[in-house]
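A short worksheet on the structure shown next.
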Amino acid sequence: MISPRTSLKRRLTLWLIVIVAGLGTLLLIEAYTSARKAADRAMDGQLEAASLTIAESLQWPEGKPTLEMPASALQILATRWQERVFYWLQADNGVSMTQNADLPITDAMLEQARHQPVYLDAVYDGRPIRLSGREVDSAGWDTQEPVQLWVGHTRRGRDLLAQELFRKSATRFAAMVLITAALVAIAMRTMLAPLRRLRQTLRSRRADDISPLTLGVPREMQELVETLNRLFADQRDQRDALLRFIADASHQLKTPLAGLQSTSELALTSRDPNSWYQALNTVHDSAERTSRLAGQMLSLTRLQHLGPGHQREPLALDRLLREVATDWADRQDSREHDLGLAIDLPIPIWIEGERWALHELLNNLIDNACRYTPPGSEITLRLSNDEDEDPNGAAERVTLAIEDDGPGVDTESLARLTQPFERGRRQDTRGSGLGLAIADSIGLRHGSRLTVTNREPRGLKVSLTLPRCRPPEGSVT
Amino acid sequence: MNRRLHVGLGSCLWLWLVVSGVDIAQADERLIIEAALDRQIVEPVLAAFAIENPQIDLDYRDRSTLEVDRRARSHDSPPDVVISSAMPWQLALSNEGMAQPLDAPEVDQWPAWAQWRNEVFGFTFEPVVMAYRLELASHMPPPETHRDLLDLLTHYRQWLDGRVVSYSPRDSGVGYALLQQDARYTPRMWDLIAAMGAADVQLETTTQRMLEGLSDGRYWLGYNLLGSYALLWAQTHPDIIVQVPNDYSLVLMRMAFVHRDAPHPAAAKRFVRFLLSRRGQHILAGQTPLFSVRDDVVGPYTAQRLRDQVGDHLYPIPINATLLAFVDTLRRQAFLRRWDREIQILSE
């Protein structure tokens, strides 16, 4: 998880440091060992030269080996670092010919040197030394004893040489790291430039500017820009919807207000109290309608502005339905309709929801049904199992529907019915066109969209499906 | 009264300090030097060192080269400083790890050709010379070169028979080293040895005894003497002539080092530093015939002045690993065998 304060640059730098440190340690270890090897290779040449010089001076008068130690061989062995030099010669019979030090030479080493010249590290007098051994043989008139010839010296020159080589590699490596760091810093600036450009572009935009970004960015960032643009487009759509709503609302308010104005103006020109009374009646009706309209707009706005449901509680849907139906049966508005209740399920039916919102939803749906159907129409509030669900499984959802046997709505308008101020091309009623929109918003708050379908042979069905819940502890079933 | 008491107390204190100081010096600051270098010759240097370091009790032991080598190898009572003119043996001791490196400004200034591994330092520059009695010149042309010497041995053998003296290569480390070096420079050396053998050459182990023999009249001509001793001798013995060979002259360098197991390392290092210091070398150049190596020192006995006097043919025995070959047992045996053969090849 990236915490918001972590800098990309710092992360990149950290990674680079980790990589360089790890790699660097390996490289330096490698450089150290190879420097030692190189120094050994170079200095083993001196050992070989000295060894060969001594071998050249070996002679076998009467088959017995003897030697006049060549001074140059020792000088070669000493090298310009003035090493301590050691030599050790032994005839084949195991008798030492001459030596200047009791070198720690084992039988295994003798055996090794018998086949080919060997170079190896050893410790003499508490100090590491380098030894080279070979066996020297020669043809002659008599049988000639081979001679084991070992030379060696201390490691001062090797250590200095290795140090020098290692210092060079280390310097090269340090220079490489510095150059890399500089290049990476430049690369990082270059790479992060589009990001910076994007930031600057966004920052310099006006708050209400939601036009798409037109910015040349690398492919990796294209996605980000597209996402931003999609966000902008959504914002634009929402703003458009808002503006449309405001325009519609203004229009809806303007019509009754204009009616009020003209009615009152007309009445004012008359001296007849009768016409005043009539006009007042009209004004009263109109004001009531407008007030209702404003109230509905308010509740729609409030619903859309509220966050997701807060005060959900388990409630018995059948009981709620019964309450609302009873309430409506007493009202003036439904007097001419036949309001019925059809619960096809065992009760009680528990759902989780907001009581006031569901109340509002039912009110709106019933009000709508009453308003848009002719008198005498049958309106049924129905609770049934979700049709999509497996009929044999445990019912997890319940469908709440309001059916009428009114004229229905033509197919084109069906989908738009839930939008504000949509009346399904009906201008003959006094509805605000907000009822279904409010109901849909409430449905949405409960995780379900309103479904509007025409019934066969006639009538309309508005339904939504709600998830059921366990009955609360202590409830009476 | 008061004042006198004061003085009395003061002198008591002083006395106590001196006594205890001497005690400490005797207990801690001894310095054992095993040297193949006549005390009589080097005395001015030792005296100057003693004056500068009164707390150091100097134990200077003058011995032969081979004895010095033996004592340097002893595990029981190692010396602090080892000085010897037997250059191969000294280098061998260093190679065996018997010397400890010296880190000092004097060492940094010391010429690279006169030291080995910062351990062994050649601090004198002594030409190897011929010496003859003055009366030799009345019988034959005095020798100036090695060739002259060979000619004299060939043509005036009747005069020189039994009167030629040189080092014994078997019994003297210096003599052996000088002959080895001679033989390295020219194979005609063996002709000279054969001629000396024919003239019944007498062999001595020290330059001192050769010089005594010359003064006694036992010997007329000495070959391969240490110039330092001979020049000093000639100052008091006008009948002895010292000749630096004109063709080539070997130069021997006394080599000094601080022993690895020196019981008094601080004093030992101080002494070797003094030998190499400008002051020590100045005394060497002015008051001993040992010749100073440093070219920033002025005096009658300096390497530079010797070069100016005798020319370019001074060949210092190089201080490097080649010397180690001389002390190789086989090589020494072979050399001595050949020497034995050559010395009597003409007398048979």
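Chain identifiers are assigned alphabetically (A, B, ...) following the order of the sequence lines, protein sequences preceding nucleic acid strands; residue numbering begins at 1 within each chain.
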(request) Assess B:R170 against B:Y176: is NZ or CZ under 6.0 Å from the centre of the six-membered ring, and within 45 degrees of the ring's axis? (result)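 Pair B:R170/B:Y176 does not count as cation-pi.
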(message) Tell me whether the NZ or CZ atom of B:R338 lies within the 45° cone about the ring axis of B:W190 and under 6.0 Å from its centre.
(response) yes
(request) Evaluate whether atom CE of A:M176 has more than 12 neighbouring non-hydrogen atoms of other residues, nucleotides or ligands under 6.0 angstrom away. (result)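 It does: A:M176 CE has more than 12 such atoms within range.
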(request) State whether the side chain of A:S169 and the backbone N or O of A:L165 hold a donor-acceptor pair below 3.5 Å, judged by distance alone. (result) yes
(message) If we define contacts as heavy-atom pairs under 4.5 Å, which of B:Q333, B:R332, B:E96 has the most with chain A?
(response)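 Option with the greatest count: B:E96.
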(request) Heavy-atom distances under 4.5 Å only: say whether A:Y87 touches chain B with side chain, backbone, both or neither. (result) side chain
(message) For the interface with chain B, which of A:V85, A:T66, A:N100 has the highest count of heavy-atom pairs at distances below 4.5 Å?
(response) A:V85
(request) Heavy-atom pairs under 4.5 Å with chain B are the metric here; pick the option from A:Q99, A:R156, A:M97, A:R127 that has the most. (result)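 The option with the most such pairs is A:M97.
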(request) Look at A:D44 together with A:R158 and state whether they make a salt bridge at an N to O cut-off of under 4.0 Å. (result) yes
(message) Counting only non-hydrogen atoms closer than 4.5 Å, does B:R184 touch chain A with its backbone (N, CA, C, O), its side chain (CB onward), both, or neither?
(response)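 Side chain of B:R184 only, per the 4.5 Å heavy-atom cut-off to chain A.
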(message) Need one label for B:Q115: side chain, backbone, both or neither, based on atoms under 4.5 Å from any heavy atom in chain A.
(response) backbone
